[in-house]
*Asks:* 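Sending over a structure as structure tokens; questions will come in a sec.
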Amino acid sequence: MTVEFCGLTLAHRIINGSGTFDAIAARAAFGEALAGEFPFAAYVSKTITLEPRVGNPPPRLWESAGGLINSIGLPNKGLERYLEEDLPRLSGLLAPSGGSATPIPVPLITNVMGSSAEEITRLLDACEQHAQIAAIELNVSCPNVKTGLDIGADPRALEEVLRAVRPRTSKPLIVKLTPNTADVAACAQAAQAAGADGVSLINTLRAMALAPRTRAGSATPWLGGVTGGLSGPSIRAVALAQVAAVAERVSIPVVGMGGVQSARHARELIDVGATLVAVGTESFRDPAAAAKIAAAL
Amino acid sequence: MTVEFCGLTLAHRIINGSGTFDAIAARAAFGEALAGEFPFAAYVSKTITLEPRVGNPPPRLWESAGGLINSIGLPNKGLERYLEEDLPRLSGLLAPSGGSATPIPVPLITNVMGSSAEEITRLLDACEQHAQIAAIELNVSCPNVKTGLDIGADPRALEEVLRAVRPRTSKPLIVKLTPNTADVAACAQAAQAAGADGVSLINTLRAMALAPRTRAGSATPWLGGVTGGLSGPSIRAVALAQVAAVAERVSIPVVGMGGVQSARHARELIDVGATLVAVGTESFRDPAAAAKIAAAL
Amino acid sequence: MSAPFARRALTVTAVQQLGAYSVMRVADPDAPEPQAGQFSMLAAVERWGGGEGERPFLARAFSIARHLQGESHYLLEDVGPGTRRLCELRAGDQLWSLGPLGRPFTTPAEGRRAILLGGGVGIAPLAILQDTLLEDASVLLGFRDGERARGAGLLRDARVATDDGSLGYHGLVTDLLEQELQSDAHAVVYACGPAAMLERVRSICAETHTPAQLALEAAMACGFGACYGCVVPRRGGGYLRVCLDGPVIDAAELERVEEHAGASA
Amino acid sequence: MSAPFARRALTVTAVQQLGAYSVMRVADPDAPEPQAGQFSMLAAVERWGGGEGERPFLARAFSIARHLQGESHYLLEDVGPGTRRLCELRAGDQLWSLGPLGRPFTTPAEGRRAILLGGGVGIAPLAILQDTLLEDASVLLGFRDGERARGAGLLRDARVATDDGSLGYHGLVTDLLEQELQSDAHAVVYACGPAAMLERVRSICAETHTPAQLALEAAMACGFGACYGCVVPRRGGGYLRVCLDGPVIDAAELERVEEHAGASA
Ligand SMILES: Cc1cc2nc3c(=O)[nH]c(=O)nc-3n(C[C@H](O)[C@H](O)[C@H](O)COP(=O)(O)OP(=O)(O)OC[C@H]3O[C@@H](n4cnc5c(N)ncnc54)[C@H](O)[C@@H]3O)c2cc1C
Ligand SMILES: Cc1cc2nc3c(=O)[nH]c(=O)nc-3n(C[C@H](O)[C@H](O)[C@H](O)COP(=O)(O)OP(=O)(O)OC[C@H]3O[C@@H](n4cnc5c(N)ncnc54)[C@H](O)[C@@H]3O)c2cc1C
Ligand SMILES: Cc1cc2nc3c(=O)[nH]c(=O)nc-3n(C[C@H](O)[C@H](O)[C@H](O)COP(=O)(O)O)c2cc1C
Ligand SMILES: Cc1cc2nc3c(=O)[nH]c(=O)nc-3n(C[C@H](O)[C@H](O)[C@H](O)COP(=O)(O)O)c2cc1C
Ligand code: FES
Ligand code: FES
């Protein structure tokens with residue numbers, strides 16, 4: 001009962017949302033055996049950038065009604081150290097594929113982000129050298145240095161960037177769309193037109209929280225990064241609408257995510273057209289959530 | 001302690017979100033005395049269109065995590081009957097203004113929507129004849145007949161429409177922005193540039209729900225209107241981010257709304273730059289919510 | 001008299017099991033006297049939320065089943081996160097209540113004999129109707145099974161039908177209605193229950209030219225006409241708001257009773 | 001031993017009031033033996049949500065205060081919707097627990113005398129430390145007031161300081177630390193408490209060249225290194241994840257203890 005996705009063979013339909021599961025940290029916390037019974041059918045890395053980033057100053061988290069706002073700020077070691085240090089430690093992951101079937105290797109999907117076609121080109125070129133990377137997820141929620149808007153928010157701008165970078169990789173290219181846009185389906189169409197092999201959505205919704213007032217002073221943002229991204233159950237109905245709109249308009253496979261907590265939620269995204277479903281915030285509440293959902297699907 | 005807003009004098013800072021309080025129905029349910037101690041400092045009508053609309057087929061409601069999805073479909077009597085039948089019944093509303101001060105008349109803000117500049121022009125022209133209408137709120141979350149996108153989702157398109165219709169009314173014109181856009185602040189700037197006297201936000205986020213599966217059949221949308229709009233606490237952090245972004249970029253007054261449940265929430269919207277705060281979904285849980293918030297501010 | 005314009009924090013005074021249902025009593029001494037057919041919007045003061053799907057969030061509508069000595073009685077069936085939470089409440093717990101709301105039942109035209117017809121948890125508003133307006137009406141109650149049929153104890157002198165034959169007549173309660181109307185057609189029917197039952201009542205009454213008042217249900221966000229969410233199609237076009245134009249609606253106003261417009265069976 | 005890779009539904013066996021705090025005991029017979037300084041991510045199985053601001057939603061971190069005969073003990077202070085809900089639980093109620101997680105305290109270098117220093121609810125991990133590793137350490141505990149100072153009963157032989165003088169030494173518990181270090185500087189400090197206290201401990205220990213292990217706090221979404229939300233600045237640049245690199249962190253790794261990195265006072 002394996003699943004085909006962009007030419008990859010997966011143990012089941014459930015993967016992780018980028019930045020919501022650290023396989024290396026998880027093995028430190030839960031033991032090395034985890035590698036042999038990995039909860040996700042594919043492992044998506046945290047967003048990797050050309051240069052190392054330390055991320056935003058704390059506080060980075062705010063709990064909202066049925067959701068979480070994060071302002072992590074994409075901390076990562078930078079492309080070079082990711083490829084050198086992390087990649088070797090991510091080999092050999094296996095996912096149970098239900099019943100007594102032999103476990104299936106977990107392909108690695110490296111999520112990258114750059115603020116220009118040139119930066120993305122350099123990221124793709126470097127990944128191209130590593131057979132261990134099975135596919136690329138391109139995070140286009142990166143603010144354009146010129147306009148300040150996400151490069152993925154405008155279909156034309158997105159198509160232009162993608163046309164420029166698409167030839168640089170022979171690996172399946174999945175575009176992680178931004179939900180903070182007027183017409184996410186038009187963005188998905190642009191990605192398809194530019195040669196994307198798949199799209200994934202939704203990323204977090206732009207959100208904000210203020211620090212609880214302690215004295216009569218002026219209000220200050222709670223998050224070190226000022227604004228953050230909303231995830232979890234409170235965005236699930238928005239995710240369902242966006243995934244449905246996208247799946248209706250593109251023929252490439254869709255990875256649906258946003259607030260999935262149960263097999264029922266995953267099934268709903270599949271029902272509206274997703275091929276795979278990613279679990280993000282719910283893994284924080286229970287690291288085994290994805291495994292339970294995969295088993296119950 | 002009255003508040004000035006677009007030249008109107010209000011008893012306090014709390015008004016209703018369009019379509020979330022029916023003053024005529026409320027007087028039927030709670031008695032005529034309500035008119036003399038109206039909970040909102042201004043009364044915003046449900047969206048009025050040129051022609052009558054019956055609205056969407058039921059089901060129209062879906063409860064989500066900390067929120068509500070509605071697919072009401074803007075039922076209304078149409079412009080003519082609204083002006084003839086409803087307007088006279090909405091005169092004489094008074095709002096307590098705190099302590100023993102005399103109550104302040106509640107100005108009427110008529111919310112209108114049209115799918116083209118011509119339609120909006122006809123709506124504004126008709127309202128112009130009625131002194132009882134203190135201000136106009138223009139709902140630009142109306143899908144453009146040509147593109148299918150909300151006319152308010154694109155700053156350029158929005159500015160063009162507004163420039164065409166702005167001269168038709170001498171009343172304060174508040175533009176109710178759509179949150180389903182890449183850059184709500186750019187839309188607000190466009191509204192300001194075209195002569196809007198104020199902006200209000202956020203309207204509901206596009207969302208969807210599927211009917212609970214009863215048998216192994218294909219999944220069907222729950223809502224009669226297929227998609228709906230998400231409101232309530234789950235969108236509050238998104239509202240705060242959008243109101244903050246807008247208030248930073250425009251000098252006209254801002255009406256903030258989205259998930260307000262308490263004076264603290266209202267205060268936060270004011271802190272990031274709103275002049276007035278609208279209460280919507282929370283009034284469903286307690287019709288006196290707005291009055292309590294106004295008293296506690 | 002109209003409802004106070006705010007939800008009120010009330011105290012649960014007693015909860016009793018009645019077969020598959022709970023009867024919850026709530027002290028509400030200052031409320032205006034509710035009329036038969038009216039409802040309240042209820043929510044727990046503490047921990048309303050955090051159930052299945054991070055719900056409930058909105059208040060829920062419940063028929064006032066009885067109002068005695070300053071206490072409102074409600075008949076509850078656990079069908080989801082909202083009713084589950086309310087069924088958990090115990091004497092001393094706090095409840096938000098808004099109401100009484102909605103258009104009540106009205107007394108029959110002179111000379112017509114009243115028949116009260118209830119199905120499942122929809123029997124609730126018939127109890128207060130029997131208490132206040134129609135003490136001598138015939139009472140026909142239908143239930144899915146024996147556990148639910150114990151709910152019939154809420155009313156006096158009821159004839160009971162069960163789907164599985166475990167109590168009373170084996171079959172639909174609407175069969176009993178047809179028998180009653182055959183023996184004396186000069187009647188008026190007051191009905192509340194599942195949509196399929198109400199639709200059957202509507203069509204029987206239409207055929208036999210029997211006036212009928214149907215207490216409908218619909219998912220509600222507000223309960224007082226604000227959200228336009230609780231609609232059912234009106235005969236001749238457009239929609240009725242169940243909370244404002246109902247919940248008691250003259251059967252003649254409806255073309256048919258739609259799937260979502262009834263109580264759980 | 002590492003933690004099982006899933007949250008586990010456990011049963012509360014007892015809840016006791018200890019002044020301003022609650023001590024909750026949870027049956028956890030199958031868990032690996034926790035080490036002093038480790039924590040669990042806890043959430044109520046029922047009704048986790050629906051409190052203030054429609055929260056809590058995420059699990060909350062709690063130091064394992066003690067682990068005896070297959071039961072984990074936690075010391076809880078009600079400071080918000082999550083702790084409030086947990087403080088409501090009673091024997092028999094179900095709890096989600098993930099853990100034990102995090103880097104524990106380590107034994108002192110040969111010859112150094114241990115001083116345990118706790119503030120407020122931050123005394124919790126010192127109890128298990130006293131139970132397992134450092135039975136003979138001096139124990140200095142600081143509290144805001146007398147009600148909270150009753151929490152000192154969690155440990156044996158503690159010297160207590162209170163901000164308001166209602167019990168023990170009138171002043172900061174770090175004053176007591178300075179006295180102790182003056183009498184015998186060859187010590188190692190194990191501390192957990194409010195950020196301001198930990199910062200004072202860090203600076204005293206830096207000045208006196210006393211090694212110190214600080215158990216930090218930070219708002220956590222996951223507890224196992226997945227979210228990168230729980231960071232504190234590391235001396236020399238970058239950040240440490242409190243859940244993975246801590247909660248017990250060598251004071252030398254920190255430039256200073258920031259405002260959000262401590263327990264409630
Ligand atoms: C006027 C009136 C009087 C009533 N009187 C009584 C009474 O006396 N006693 C009584 O027990 N009940 C009564 N009801 C019904 C009661 O209000 C509902 O059973 C209750 O609202 C269900 O809430 P829940 O959370 O328990 O279940 P829900 O989960 O809300 O499920 C109820 C139904 O709603 C649908 N549904 C499922 N999920 C959702 C969702 N997320 N959003 C929206 N709809 C959903 C499904 O069709 C489901 O079967 C009355 C209703 C009305 C309108
Ligand atoms: C390793 C570790 C061990 C701990 N051990 C213990 C222990 O043994 N005993 C104990 O009682 N506590 C302990 N804590 C602290 C405990 O986890 C917190 O008190 C708890 O998470 C608070 O949750 P709450 O919902 O009750 O309060 P919250 O409302 O979450 O308030 C706690 C603080 O968070 C901030 N805050 C307020 N609102 C929000 C929001 N919406 N989103 C994010 N932050 C907000 C404020 O600064 C507030 O003071 C420990 C924490 C850690 C990290
Ligand atoms: C703490 C956190 C960190 C995240 N980091 C990234 C990231 O680095 N790159 C990315 O593309 N998405 C990131 N996301 C977005 C998730 O992958 C996912 O799109 C989103 O959270 C919605 O899914 P959920 O509701 O299941 O969490 C992050 C989300 C969270 C909550
Ligand atoms: C049931 C319902 C009906 C609404 N109808 C309208 C409408 O007719 N016109 C409009 O501009 N906004 C409408 N809105 C949007 C609200 O005015 C408001 O922008 C939104 O609900 C966010 O605020 P809240 O979270 O406080 O509800 C409606 C919202 C709801 C929930
Ligand atoms: S429930 Fe809101 S209008 Fe009827
Ligand atoms: S709490 Fe998630 S990384 Fe530490």
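Throughout, a chain's letter reflects where its sequence line sits, starting with A, and its residues are numbered from 1. Scope of the values below: all heavy atoms of this structure, side chains included, with no hydrogens, waters or symmetry mates.
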*Asks:* Heavy-atom distance under 4.5 Å to chain B: side chain of A:R236, backbone, both or neither?
*Replies:*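 Neither part; nothing is under 4.5 Å.
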*Asks:* How far apart are the closest heavy atoms of B:M208 and A:A244, and which atoms are they?
*Replies:*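 Result for this residue pair: SD-CB, 3.7 Å.
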*Asks:* So which residue, B:A237, B:A65, B:P233, ends up with the most heavy-atom pairs under 4.5 Å with chain A?
*Replies:* B:A237
*Asks:* Among B:L210, B:V272, B:T178, which residue has the highest count of heavy-atom pairs closer than 4.5 Å to chain A?
*Replies:* B:L210
*Asks:* Counting only non-hydrogen atoms closer than 4.5 Å, does A:V184 touch chain B with its backbone (N, CA, C, O), its side chain (CB onward), both, or neither?
*Replies:*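 Looking at A:V184, nothing touches chain B.
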*Asks:* Say you draw a straight line from CG of B:D183 to CG of A:D154; how long is it, rounded to the nearest 0.5 Å?
*Replies:* 11.0 Å
*Asks:* Give the minimum heavy-atom separation between B:A209 and A:L240, together with the two atoms involved.
*Replies:*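 Reported closest heavy-atom pair: CA-CD2, 3.9 Å.
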*Asks:* Pair B:T181, A:T181 - check side chain to side chain contact (heavy atoms under 4.5 Å, CB included), show working.
*Replies:* CA-CA 5 Å; B:T181 181; A:T181 180; over 6 Å; no
*Asks:* At a 4.5 Å cut-off on heavy atoms, which part of B:V243 comes close to chain A: side chain, backbone, both, or neither?
*Replies:*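 Neither part, no heavy atoms under 4.5 Å.
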*Asks:* Please flag which part of A:I69 lies under 4.5 Å from any non-hydrogen atom of chain B: side chain, backbone, both or neither.
*Replies:*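 For A:I69, side-chain heavy atoms alone lie under 4.5 Å from chain B.
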*Asks:* Starting from the C-alpha separation in whole Å, work towards a yes-or-no answer on side chain to side chain contact (heavy atoms under 4.5 Å, CB included) for A:L205 and B:L205.
*Replies:* CA-CA 11 Å; A:L205 299 182; B:L205 300 182; 4.0 Å; yes
*Asks:* For B:A207 and A:V238, work out which heavy atoms get closest and say how close.
*Replies:* CB-N, 4.0 Å
